[in-house]
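One structure below.
The shown structure was predicted, so the numbers you read here are calculated from the model rather than taken from an experiment. Every chain is numbered from 1 and lettered A, B, ... according to where its sequence line falls, protein lines coming before strand lines.
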Amino acid sequence: MKKTFTFIALLMFCMALFAGGSNEQSSDIPASVSLSDKSEVTVAVTQNLVSLDVGTTPSGASLAVFDMIYDYLVDSDHNGNLMPQLATSWEVSEDNLTWTFHLREGVKFHNGEDFTSDDVVFTFERMQENPSKYPLYSANNFSLIVSVDAIDDYTVTFTTSEPFGALLTSLSGMAIIPADTVRELGDAFFTEGYCYGTGPWKFEEWIDGQYISFTRNDEYWAGQTSNVDRLVMRFITESSSIVAGLISGTIDATGRVPSDMLSQFDGHPEIILDTVDTSQILIIGLQCGDYSPFHDENVRKAFSYAIDRQLLCDAIMGGGKASNSIMSEGTLGYDANVKMPYDPELAKQLLSESDYNGEPITLYVNTAVVQGEEIMLAVCDMVNSVGFNCNIQMVEQAYINEVRVSGDYDAYVVTASFTGGDPYGYLNQRVLSDSHHHNYADPEINDYITLSNRETDQTQRNEYLKSAVGLMSEHCAPQIALFCYEYNTAIRDGVEGIEYSPEGLYYFDDVYIDK
Amino acid sequence: MGKYILRRLGATIVVLFFATLITFILIRLAPGNPALMMLADSATPEEIAAMEAYLGLDKPVIVQYLIYIAGIFKGDFGTSIMYQRPCIDIILSRLPATALLTFAGCTVGLLVAIPLGVLAGVKQGSMVDLSAMTFALLGQSMATVWLAVLLVLIFSVHLGWLPALGYGTFKHLILPAITIGFPLASQTTRLARSGMVDVLKEDYITSTYAKGISRRQVYTKYAFKNAMLPVITIVGLQIAGYLGGAVVTEQVFSWPGLGALMVSAIGNRDYPLVQSTLLVVAVMVSLVNLIVDIINCLVDRRMTLN
């Protein structure tokens, strides 16, 4: 029997050894972290990547990945400014329904094929044939595009069913894929690891739950500035693991270090800490239907005025910027002149003038909100001190989605960001179409949003959006904002070119090592 | 024994049927709609309805279940809503990491626990016994997440000997295996010790002494295997549990196992992936239980498989 036990123990040990050594990867611990002989950079992304298909719901991880491999017709600086990328120029017809894009010549995909108008047409037709399969279709409002036509190899027209003021912003989120190969391979192009585009980095390998790696594209049409041979993007959800990885040398950069972990880097001068102001904003959606206390504007205002937003930033978040409206600085529609005061005395007065009699109010807080529980407990404390009877319930995103569809809530708490710095989709769906069933409709606000939709001049659009957002802040409906997040970045000294955008996203395509 | 195994395998099919049914019902009872998780949160009712139809969620629940069961018989476990890839491909890509961590963790645990527990049982009341029981108390009191972070701090951050996270080499395996193995070792040490103490009080052990057999022979030949019976049962249950995924350990070490996959699938209401993962786990748990029963019978001839 003793032999049997010995055998079992040895068998298990051998299995462990065999399996452990069978899948050798490159990310071992370095004896000492020196950048001078480094040609590989490893960055940590806090979300897992679930798909390489460009039609999937945009996430922080997928946007970072697509930016490496693909290019877009229009590029965004993430502050609402748009620049040519695969399209060199464009013009819109007088009726604002037909957009003509002139494409860049001489651009090649990673396999050497030429980029032409056929690739642009195919990229959109693929989604239009089965819009349900591609969440990006609804996310970027591509349903307004009636047709995409190739005029010649380097000219494409987009025809829309109605004036689409945010078309350029939407296009800045649609990666262009190689038509011939995807026609031939179908979804296997994305699922079987064939992915390639015209972008500055070539896809190398994706191991689900671990990492995705890229190699530098030395033939990039815009010129290659990176001296990094290989970039590895690791998907790590646990903050303490990221911090340990940075200190031990496994990871070179991350954009999300919780403020209470910053002291871990004391005594590690090789890790450079910085902060990034983002346009990612914490929002409270209010139920304005007559079955909720927030139906009364005085109650909504009292709730908003009772919150000391700056204190939340300073005492809990360790940074951030108090919001005056649901738009953040750097986003179209932001107006610095809008005021959202902290005035508990006024809040008490407004509440006493309302019909609210201390009915319990539950705030549904998404568990994914960074430090959501601490923040909202503090908010409850603030509003309860002026006469509210609020409590919080931490729930998953799936739960929030469901109550928003049914309208069965008093308030919910989520984070929001505006892709490309343009709130087009956000305002249309949440305010104009009321897809979250706030039961709030202000004709004046809706008119301004409609005008902004039809306006193709960005400056004029901005004015319309400012008016709409200003009125929303004035009436505290249907949503109010608390603050914009400030993220702590940690980057190994010498690793340069990483961009943490105002949307709270990461872009690594310009990474290089300063040797 | 062949008949017994066949009968147990037959019973396993019944267990698996109920596992599929319970999983199917429970995940649908949880609030949330997979179509909403797939779409941008600004989706219109029409877009939500179209996505539900695309995912097959517009059909009656019973029809959805029958389609799911029919698929299993054809080897089709469904397509993950999140990944848009066959569930079985995703599970099989994660399974080696989970199996490796389970077996490595159990190996670490048993290599520590059995010698220590046996020694503590034999030398009852000695310093060895006291040390072993202190070790057991410490291991069982320590939260997994605390232990994991502590190991990372010592061996990765301060000493720089082992990687803090990741998967792929033997070095990557060491810290997660210790994290899994340490609590198992402490629990098993107690069991091995108490098993040894109990067995050494048995009459047949006294008679072996009377026959003049050496202590060493008594411990190894007569006492050891009977003392190990509770250990086998508990270790079997632990292996079954770890095969379902060691969520905390996987999270801290960024270990790409089934636990992290399942948490993510549940959070995203990825019905097919949750159902398939739990079915695969149920199969493994059933098989491990069967193996444990067979080993128990081989060790203890008083037990019968019938």
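For a residue to count as touching a neighbouring chain, one of its non-hydrogen atoms must lie under 4.5 Å from one of that chain's; by this rule Val252(B) touches chain A with backbone and side chain alike. Of the two parts of Thr237(A), only the side chain, counted from C-beta on, holds a non-hydrogen atom closer than 4.5 Å to a non-hydrogen atom of chain B. Heavy atoms closer than 4.5 Å to chain B are found nowhere in Val243(A), neither backbone nor side chain. If you measure heavy-atom distances from Leu153(B) to chain A, the contacts under 4.5 Å come from the side chain alone. When heavy atoms are compared at a cutoff of 4.5 Å, Leu101(B) does not approach chain A at all. Using a 4.5 Å cut-off between heavy atoms, Asn48(A) touches chain B through its side chain atoms alone. Heavy atoms closer than 4.5 Å to chain B are found nowhere in Leu52(A), neither backbone nor side chain. Neither the backbone nor the side chain of Tyr134(A) comes within contact range of chain B, judged by heavy atoms closer than 4.5 Å.
With respect to Asp252(A) and Arg234(A), no salt bridge is recorded, no charged nitrogen being found less than 4.0 Å from a carboxylate O. Using a cut-off of 4.0 Å between Lys/Arg side-chain N and Asp/Glu carboxylate O, Arg94(B) and Asp89(B) are scored as not salt-bridged.
Side-chain atoms of Ser435(A) come within 3.5 Å of backbone N or O of Gln429(A) as a donor-acceptor pair. In this structure, the side chain of Asn428(A) does not engage the main chain of Leu432(A) through any donor-acceptor pair within 3.5 Å. Looking at Gln479(A), its side chain never comes within 3.5 Å of a backbone N or O of Ile283(A) through a donor-acceptor pair.
In terms of non-hydrogen atom pairs under 4.5 Å with chain A, the most contact-rich of Glu52(B), Arg85(B), His158(B) is Arg85(B).
Looking at residues two or more places apart in sequence or on another chain, you find a side-chain hydrogen bond (donor to acceptor under 3.5 Å, both in side chains) between Gln84(B) and Tyr54(B). Judged as a ring-ring contact (aromatic ring centres under 6.0 Å, His included), and not counting sequence neighbours, Phe265(A) has no contacts.
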